[in-house]
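Here the structure comes first, spelled out in structure tokens, and everything after it is commentary.
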Amino acid sequence: MSEWMKNVRKTEPYVPGEQPKTDNVIKLNTNENPYPPAPGVRKACAGMDTDRFRLYPDPDVTQLTEAIADYYGTDTSEVFVGVGSDDVLAMSFLTFFNSDKPILFPDITYSFYDVWAELFRIPYKRPALKDDFRIDINDYMEPNGGIVLANPNAPTSLYEPVYNIEKIIKANSGSVVIIDEAYIDFGGESVLPLIHKYDNLLVVRTFSKSRSMAGVRIGFAMGSPLLIAALKDVKASYNSYTMNMPAITFGVEAVKDDAYFKNTLEKIINTRNRTKAELEQMGFAVLDSGANFLFASHEKMPAKMIFEKLREKNIYVRYFDKPRIDNYLRITVGTDDEMDAFICAVKEIKENYVCVFQVGVKILSVDQK
Ligand SMILES: *Cc1c(COP(=O)(O)O)cnc(C)c1O
């Protein structure tokens, strides 16, 4: 072993869902939005003045910060923009979690949290979710170095009401509480109004799911001006130009088109509710989803088997081989056609049933044998 190797920072990286290299796949494994971004994004892309690329982008991300502040009715001093919410969250861990006391997050949640804690050498503790996968707020009443909660939670899809989250924020005025609202647009009520009441609350959001822009990488945080100023200082000590010029422009366009945004959300929520009912009819237990995905398990068919058989049919869902959740599938809500194909394929796995569908295009027919 080379001597320098003992000085290498060892990390166990986060493993994202598979991004297949071909298009002929029904992709329900990374909670992407099945609909395109707002039409204004396409126009802005086509009309992009690429000569401007020779210049550095605005380090303050002024235009997009203003658009977000305007949309959510906050001050620009309460908004921080980053390269997807993963960047915003990582920066927040680095900025706010510097205590000797452990930070707290549930045993089952977004699997990046423990990766960042390890990377930044932040001590952490993971209180177990209750048997119904809900948080026990009493677990978050002990001394800690910070708290991070995804609401709705991933991969469970469960939404925790504001009054419960508020109890946690209120009881922990001595540490920063981060609420990761990656999925809040799909029906939950946000804790955002509370940023004016509690200066220790940071709300993190993303354009990746509800605004169909995972490929552009935009995330943001909203909180008291003191929190945001601290984040900006850390960011400027690390990389001044995180947001590239096209991303800033596309982000502004996406925020402008509220009608398109609301319409996309409504379609996904309707498709989600219909798919949940259909899965339940087939004997699945499906958790109440406040997100753009469903978390489901079947009484007779092992999740891993379903996952593998669906994959053979070019339908990708997410399976986590982890304690407590290794008999669940996480299924992203796609278009109605995609969910029809998915439901049909599950029927085919379950019983004597034959589906004819063409992935990537439209289902041709769904016939019983
Ligand atoms: C998807 C997701 C993120 C990260 O999204 P970005 O694409 O980095 O904005 C953060 N938190 C949760 C809970 C997520 O599901």
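Whatever order the structure lists ligands and atoms in, that order sets their numbers, starting from 1.
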*Looking only at N/O atoms, are Y110 and ligand 1 under 3.5 Å apart anywhere?*
no
*Heavy-atom nearest option to atom 10 (C) of ligand 1, drawn from S85, A154, A291*: S85
*Less than 4.0 Å between a side-chain N and a carboxylate O, is that true for K347 and E351?*
no
*Can you pull out the closest protein heavy atom to atom 15 (O) of ligand 1? Residue, atom name and distance to 0.1 Å, please.*
Y183 OH, 2.6 Å
*asked:* Taking transitive links into account, so neighbours of neighbours count too, which hydrophobic residues share a cluster with W4 at under 4.5 Å side-chain distance?
replied: M1, M5, V8
*Tell me, which protein residue and heavy-atom name are nearest atom 2 (C) of ligand 1, and how many Å apart are they?*
K209 NZ, 2.4 Å
*Short N-O contact, E308 and R311, less than 4.0 angstrom*: no
*Are the side chain of N153 and the backbone N or O of I108 linked by a donor-acceptor pair below 3.5 Å?*
yes
*All pairs passing side chain to side chain donor-acceptor pair (under 3.5 Å) where residues 281-292 contributes a residue, at least two apart*: K276-D288
*Please walk me through it: do D86 and Y14 pass side chain to side chain donor-acceptor pair (under 3.5 Å)?*
CA-CA 11 Å; D86 285 343; Y14 170 77; over 6 Å; no
_Could you identify the single nearest non-hydrogen protein atom to atom 7 (O) of ligand 1 and state the distance to 0.1 Å?_
S208 OG, 2.6 Å
*If you have a sec, work out which protein heavy atom is nearest atom 13 (C) of ligand 1 and how many Å separate them, to one decimal?*
D180 OD2, 3.3 Å
*For atom 8 (O) of ligand 1, grab the closest protein heavy atom and report residue, atom and distance to one decimal in Å.*
R217 NH2, 2.7 Å
